[in-house]
Structures are given as structure tokens and as C-alpha cells.
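Worksheet for the structure shown next.
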Protein chains: 2
Amino acid sequence: MAAPKTRNNRQTPCEQCPLRALPHFREFKPDELEFVSNFKTGELAVDAGTTILVEGSNSAHLFTVLSGWGFRYKMLDDGRRQILNYMMPGDLIGLQGSLMGEMQHSVEALSPITLCVFERDKLGVLYRNYPDLAYDLTWIAAQEERILDENLLSIGRRSALERAAYLLAFLYQRAKASNLFKGARVSIPITQQHVADTLGLSIVHTNKTLKKLGERKLIRWADRGCDILDDEGLMKMAGWEGYHEKSRPFI
Amino acid sequence: MAAPKTRNNRQTPCEQCPLRALPHFREFKPDELEFVSNFKTGELAVDAGTTILVEGSNSAHLFTVLSGWGFRYKMLDDGRRQILNYMMPGDLIGLQGSLMGEMQHSVEALSPITLCVFERDKLGVLYRNYPDLAYDLTWIAAQEERILDENLLSIGRRSALERAAYLLAFLYQRAKASNLFKGARVSIPITQQHVADTLGLSIVHTNKTLKKLGERKLIRWADRGCDILDDEGLMKMAGWEGYHEKSRPFI
DNA sequence: CGCTATTTTGACCAAGTTCAACCACGGTGG
DNA sequence: CCACCGTGGTTGAACTTGGTCAAAATAGCG
């Protein structure tokens, strides 16, 4: 019997959150942990390709990624798509919608993904009683802004080859920090169409660009995914300093 | 005798803040106003072209624009520049740096600009005692994120003509909301080099693109600036819905 | 095995870049 | 008053990057 596509019942208690154990994420104080545990109303597990949030909708929930990959994107009327960023474990989804009503971007699952679902109505309580968590929320929003800044620089001013190198090095480093590469296999689960829509290029040109990176032994394109062979090399090609982050907050 | 280039003494008390009077910005509660008034340590007035914050520096202050225009940008090692966003009255500058230490972008004055200077060390007090202001800070960060999302879509997926139309319509609408067009004159104080660095285009192609917009009677390029003749037309050309915002917070 | 999604390749085309002038305008100094 | 200079804007020609079209190769998957 097949598993249902989505489940909504509570599964991982925050007290045993596997992300909290990672060195990359900051610790909670006991009272914060208790609040967050209460803030969380359940989990949502969806398959790859499922749309989690839709641009223009108002019923925004607030989520944190517990496991898996997703991406944020916007579309123009004629179907042109721009991927804005990728979501990995520990990332918050739907803050914009929770604060300001209508979503102005969509979110889709890139792999099977599990999300912690939070009750947006309790955000007020959070701001009133947990200033450190409130600070963390602002921090998270500002961090996302930084990532977008770098993306904008990339798309606006880097060549196709530099852009691709930057994107892959960036995803690699972020995924590594979120402990997404448990085994020896270091693979990013995206198609070349995703890469194209992230970089603002056509698929054909993206393919040719990735091939060049492959010829230089920086990456290997696997089926529906990309193995990073030399992230130092990618960073050098992109002229990118890398992504330094000691410990970051999450909710 | 010429006025000094920068002054640091307190001039406009928050109680008489001209921005608070605008319908576009939200009201403060009395205790918030008192706190903010105390949070503000002075004003900084600089000439056009002055660099206000530098990428890589750590001495980040926190500012709000009181009057004038500025812009945020990043540069690559070889001098390629990408403008990320423009700052106008009511906009917060330096939040990223205040929360996370090192600035990862620079800010420059586009016109003579006056800034309210805040004491970044008091941010903790703000979060502990003024949850509504803390919420506003997150809101502001999330709003900036939205703007960057739309920018990314623009640069990644719109044609040069669409991009230019979007940028100018966007700046026009934001500036109008911040009451920057007091007189009859509706002019955005940027050079074509700024437009090029915002859109990710060369200056030559930018010039030709703007000329097309001029031929269609959507804009008129004045000396060191741009007059918007038909913002509806620009929005239509960009396929952009516009920028709906009732009332926004500011600090 | 047949189906669909994805990747790959080649030929041709178009948008945008680079190079190289040239113009307009507002100082500034002689 | 005028020559000179610097900034910003304008223009055309040659060139390059990346886009479009079309078709084939490849890889899961039921």
C-alpha cells in the first residue's frame, strides 16, 4: 500500500529536532523551546514537484523545512519563470506572506520534503514574549536579503559560466552546512531547467555552460542532479569569497 | 561661507518628523515615539556621490533616510557594479550590518541626503520592550526581500525594454509614496550609468533602450534625471501590476 | 517495450556588448 | 570672453554571447 502524499499529523517533537543537534544551528533556551514546540501545529510531508505555496494566495502558513529541498520562484504572465532561491533544512518559508498577507512568490518541493507547520496567529505572542526569537526572525529575513543581493549581482553582472559556478558552489556550501550530504554522495537534486530558470538563461545555453564546467572537472552532471567535484575551483571561477557563517538561528 | 559637507548635530526632533505626517507611514504610539526619539542620536547630511556605507566594513551604523535619494550596490573585483535597490525617505539603511556584523554591500548618496542616525546598541532594548517596533523591523526586512524578488525576476527574465520600464515605474511609484515629488516636477535623479548598473545592461544599450521609451512618450530623459510621462504605460510594457501598499511602518 | 522527461547537439539568429567617435553643457582658469 | 576639461549623453559598426529552432540521444518507469 502506497503512503499518502501528504500527512498532517505531528511527528517529530521539537525537543528531539534533528536540526537542533547540528553545530550549524543555534541552541534554544528552555522556555523558547517550549514555546516553539507549542507554536508548531504539525508536519507536512509532500512529494517532489508539489506546490507548497502559490503566488497571489492569502492563506499563507508559516513553515520551517525539516528535511528535503524546495525552491521559491515567480512567474511572468507568459510563463517565463525566475527561481529566486532554494530552501533547505532550517529555512523558513512563508514569512513574507505571514507578515504582509498575500504571497508574492510560489514555493515548490524539489525533492520529497517535510515541513514543520506553525500557527501564524501566534506570531504576536512570539514578538511580545520572546524577543530573542523575534530578533532571530529579523535576522533570518536579513540573511535571505543578503542571499538575494548576491544573486542579483550574479545575474546582473556575471557571465553565464561565472553564474553557473557561483550557483553550484553556493548550493553546495549551504547544503553541506545543513547536513544534506549524509553519505559520500554529494549531489544537488535539480534539473538543468532549474539551473536555467535560476540563472536567467535558456536551457540550451545552460546545458552548454554546464558541459564546460564538466570538462574542467569542476562538476559532474548526474541524472537529475549535480555532483560537485571541486567547490574551490567553482568559487574561484565565480570570483566568490564563499559563505561564512558560524551559527545561525532557526525556528 | 560654504556649508560644511557633513553635520552631525541633532536637528529634526522625531516628534516633528515630517515623514510621520505622511499618510503613507504608520503612526507611532506615544511610548514608541519616545523610545525612537531617544534611539536617534543625531543626523547626518551628505552630498550627492558620498559613500555612506562600505562593503566589508564593520562599523555599521543604522540609519533612516529623512530626505533625499541613495542606492545600495555590490561590486565584483574587476569593477563590475550591480545596483541592488534605491533608498528614499523612510527607508532603513544598515540593518543587515547591524544584525550580522560586516556589511556585504555599499550605500551611496544619489542626491544630497539627510539621515537619522540610530544607536545600534539599543536594538536589544527595542526587541525586549517594543514588540511592535520589532515586528516592524522584520516587516521592513521582508518588504526589502519582496522588492529584491521582483528585481531578480526583472533582470533574469525580462527583456531590456521591459526591465527599463519596470525600473522606472517602480521608482516613480515608490518616490511618489514618499512624497518626493513636491512640486510639479516629477524627476528621478539618476544617470544612465545607474540605470545600466541596475538593469545589468551596458550603458550603450541602456541609452538606446531609454530612447525607445522616450519615442513612445513614456518618459523624457532630462539632464541627470528622468521624467515619468506615463507610468501606466510603463507598467503595461513591463507586465507589472504595480506596487500596492496602504500604510507602512518606519523607524 | 513504449512513454515521457531530460539532456545533448548543431545550425542559425537576435539581443546586447564593445569600440570608437562625437556632441552638449557647465564649470574654471587665464 | 574664450579655451579647456570633465561628465554625461548619443550614435554607428563590428562583434559576441546567448537565444531559438529542430532533432536526436538517453534514461527512468510502468
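Each chain gets a letter, A, B and so on, in the order the sequences are listed, and its residues count up from 1.
Taking the six-membered ring wherever Trp is involved, the centroid distance between the rings of A:Phe170 and A:Tyr172 does not fall below 6.0 Å.
Ring geometry, B:Tyr86 versus B:Phe71: the interplanar angle falls from 30° to 60°, so the pair is classed tilted.
Remark: P of D:dG18 and CZ of A:Arg157 are 13 Å apart, rounded to the nearest angstrom. When the C1' atom of D:dT17 is taken as reference, atom CZ of B:Arg80 falls 14 Å away, rounded to whole Å. Taking atom CG of residue A:Leu161 and atom C1' of nucleotide D:dT16, one finds them 15 Å apart after rounding to whole Å. Here the P atom of nucleotide D:dC21 and the CD1 atom of A:Ile203 are 12 Å apart, to the nearest Å. Whole-Å rounding puts the B:Gln193 CD to D:dG9 P distance at 9 Å. As a whole-Å value, the separation of B:Asp223 CG from D:dT7 C1' is 10 Å.
The 12-atom threshold is exceeded at CD of A:Gln193, counting heavy atoms of other residues, nucleotides or ligands nearer than 6.0 Å. Atom CZ of A:Arg224 is surrounded by 12 or fewer heavy atoms from other residues, nucleotides or ligands within 6.0 Å.
Which of D:dT11, D:dT7, D:dA27 sits closest to the side chain of B:Val204 comes down to D:dT11.
Nearest heavy atom pair, residue A:Arg163 against residue A:Ser154, reads CG-O, 3.3 Å.
Looking at B:Gln104, B:Gln82, B:Gln96 one by one, the single match for side chain to side chain contact (heavy atoms under 4.5 Å, CB included) with A:Asp149 turns out to be B:Gln96.
Residue B:Thr191 is in sugar-phosphate contact alone, with no base atom involved, counting any heavy-atom pair closer than 4.0 Å across all strands shown. B:Gly200 comes within 4.0 angstrom of the backbone, heavy atoms only, and of no base. When heavy atoms are screened at a 4.0 angstrom cut-off, A:Leu201 is found touching the sugar-phosphate backbone but no base atom.
Residues from residues 206-219 of chain B placing a heavy atom under 4.0 Å of any atom in DNA chain D, listed by number, are B:Asn207, B:Lys208, B:Lys211.
A 4.5 Å side-chain heavy-atom check between B:Leu66 and B:Leu115 finds every atom pair outside the cut-off. Counting heavy atoms from C-beta on, the side chains of A:Tyr73 and A:Asn85 never come closer than 4.5 Å.
Checking the phosphate oxygens (OP1, OP2) of D:dT10, a side-chain nitrogen or oxygen of B:Gln192 falls inside 4.0 Å.
With 3.5 Å as the limit, one finds no donor-acceptor pair spanning the side chains of B:Ser57 and B:Glu102.
Extent of DNA chain C lying under 4.0 Å from chain B heavy atoms, first and last nucleotide in 5' to 3' order, is C:dG16 to C:dC19.
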